[in-house]
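Have a look at the structure below, then the notes.
Whatever order the structure lists ligands and atoms in, that order sets their numbers, starting from 1. Computed over heavy atoms, backbone and side chain alike; hydrogens, waters and symmetry mates excluded.
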Amino acid sequence: MEFEVVIGLEIHAELKTRGKLFTWTANEFGGEPNTRIDVITLGMPGVLPVLNRKAVDYTLAAGLAMNCKINRYSRFDRKHYFYPDLPKGYQISQKDYPLCYDGWIEFDVNGEVRRCRINRIHLEEDAGKSIHAEGRDDVTWVDFNRCGVPLIEIVSEPDLRSPEEAIAYWRAVKEILEYLDVSDCNMEEGSFRCDANISLRPRGSQEFGIRTELKNMNSFRFVQQALEYEVKRQAEILRSGGQVVQETRLFDVERGVTRGMRGKEEASDYRYFPEPDLVPIEIDEEWIERIRRSLPELPRAKRLRFMEQYGLPEQDVIVLTGTRALADYYEAVAQSCGDPKAAANWVMGDLIGFLREAGRSIEDSPVGPEALAEMIRMIQDGTISGRIAKEVLEQMVATGKSATQIVEEKGLRQISDVTQIEAWIDQVIAENPAQVEQYRSGKTKVLGYFVGQVMRLSRGKANPQQVNALLRKKLDQQ
Ligand code: ADP
Ligand code: MG
């Protein structure tokens, strides 16, 4: 029997507000355990939470960017469960009236556009962390610093049809949140993670099969591996006439297998009820419009525009739009130097390379877009050759000086003086009679050798086009 894979993701992203969701204690990663806490974070009896408005703004931004409808009336609910790292004994979340619902995003898989619908985006608080120390199985510590950090949960419809597609969707969501600047989506720090639900059904069937859920994944590679493992495992069960058990499973990274962790809980297990300590949120048109106006151009739209407007190949555009900062940087260079292709090559190639070596990012690049554009213009007007420009750019990154300054200080100006170039050519021809012989007997490939020798004499400064032309003329002459 042939099976169709059905996947739906529940993506969690921590929002990068300054304070926590219901208190002003700093929302920052890490720190000495149990220092970013207060009576609200600890859920002391009698304290009252106060909603962080910025967290609502960020959630609305995510919703609008993902084509969601916004609930004009939204509220929080208590979701009860016991975890050592959830001191209140319940999590403040949203059940019946999430802030955003009924959206979709489009993304590309192997050059094809796919669409995944989004069921809802709701706002809730994160829990703390249990710490199991290495080599000690007699104790578990708990760190409440993460407790109360604002978290959005983006629940997809079961529209994804392969592990690969699920990963592409997950990446697309990450990129959107990064562009919106509402979450740092740091997967290692756990601020961007997902639960993946997966089932199989006979191809052509309309009904969904029984699913399993893979909890708290925070690596693209592991989710892909875990999903692929589940596809095989479930297919075997179904082929042998068995039934998949609906349960939560964990991925064992070392062995590359998933393992049953616990039976699936139902909504009723959580005994949800409306959070009595918070008023419902009413969202008016003006609030929505304010957020809508603040949305940046989104990654996919930017890619399509870059291809169209700058005539760049898709592969380049994917690199250049990897982050909003990089895309803005590229665009400023392209517009200032007037050559989008050259701008793309310098930004993607040498600039990123030199920055990486210097341990810097595009945001704190010592070479601003205007400075790079100036360097490209110096190539265009023949002041320096492309080869020398590489050296100049390296110096620019190292010192923060402008291209003009470096070229003047180091005397790197390109030499286009015919008499000077001819003198170097004559010297090279005189010193290499054997190669001259080869060239004249028809092995014209040695021209490259001559060019190299002349460039060496000029210490890279001779105009390479001129060297080429003059060399040919001299060698062909006699
Ligand atoms: P819960 O909140 O209990 O985890 P939901 O019904 O809200 O359950 O669904 C959670 C996620 O599971 C959603 O992303 C949804 O798309 C996905 N999902 C639901 N049914 C299936 C299924 N049969 N196969 C794969 N994914 C599914
Ligand atoms: Mg779930």
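Short contacts between ligand 1 and Gly209, defined as distances under 4.0 Å to a heavy atom of the residue, involve ligand atoms 23 (N). Every atom of ligand 1 with a heavy atom of Pro158 under 4.0 Å away is listed here by number and element: 16 (O), 26 (N), 27 (C). Applying the 4.0 Å criterion to heavy atoms of Ser156 picks out, from ligand 1, the atoms 13 (C), 14 (O), 15 (C), 16 (O). Counting atoms of ligand 1 from 1 in the listed order, those under 4.0 Å from a heavy atom of Val6 are 24 (N), 25 (C). With ligand atoms numbered from 1 in the order given, ligand 1 contributes 16 (O) to contacts under 4.0 Å with heavy atoms of Glu157. Atoms of ligand 1 lying under 4.0 Å from any heavy atom of Val155, numbered from 1 in the order shown and given with element: 13 (C), 14 (O). Remark: ligand 1 atoms within the under-4.0 Å shell around heavy atoms of Gly8 are 14 (O), 16 (O), 17 (C), 26 (N).
Aromatic pair Tyr272/His80: ring centres not closer than 6.0 Å. Taking the six-membered ring where the residue is Trp, the centroids of Tyr73 and Tyr97 are separated by under 6.0 Å. Proximity of the aromatic rings of Phe306 and Tyr330 is defined here by a centroid distance below 6.0 angstrom, and this criterion is met.
Heavy atoms only, all atoms of each residue included: Leu372 and Val367 are closest at N-CG1, 3.9 Å.
Ranked by closest heavy atom to atom 5 (P) of ligand 1, the top entry among Lys95, Arg120, Arg211 is Arg211.
Only the backbone of Leu9 comes within 4.0 Å of ligand 1, counting heavy atoms alone; no side-chain atom from C-beta on gets that close.
Of the candidates Glu106, Glu165, Glu164, Arg114 forms a salt bridge (charged side-chain N to carboxylate O under 4.0 Å, His left out) with just one, namely Glu165.
His12 places no side-chain N or O within donor-acceptor distance of the main-chain N or O of Glu153, the cut-off being under 3.5 Å.
Using a cut-off of 4.0 Å between Lys/Arg side-chain N and Asp/Glu carboxylate O, Glu213 and Lys215 are scored as salt-bridged.
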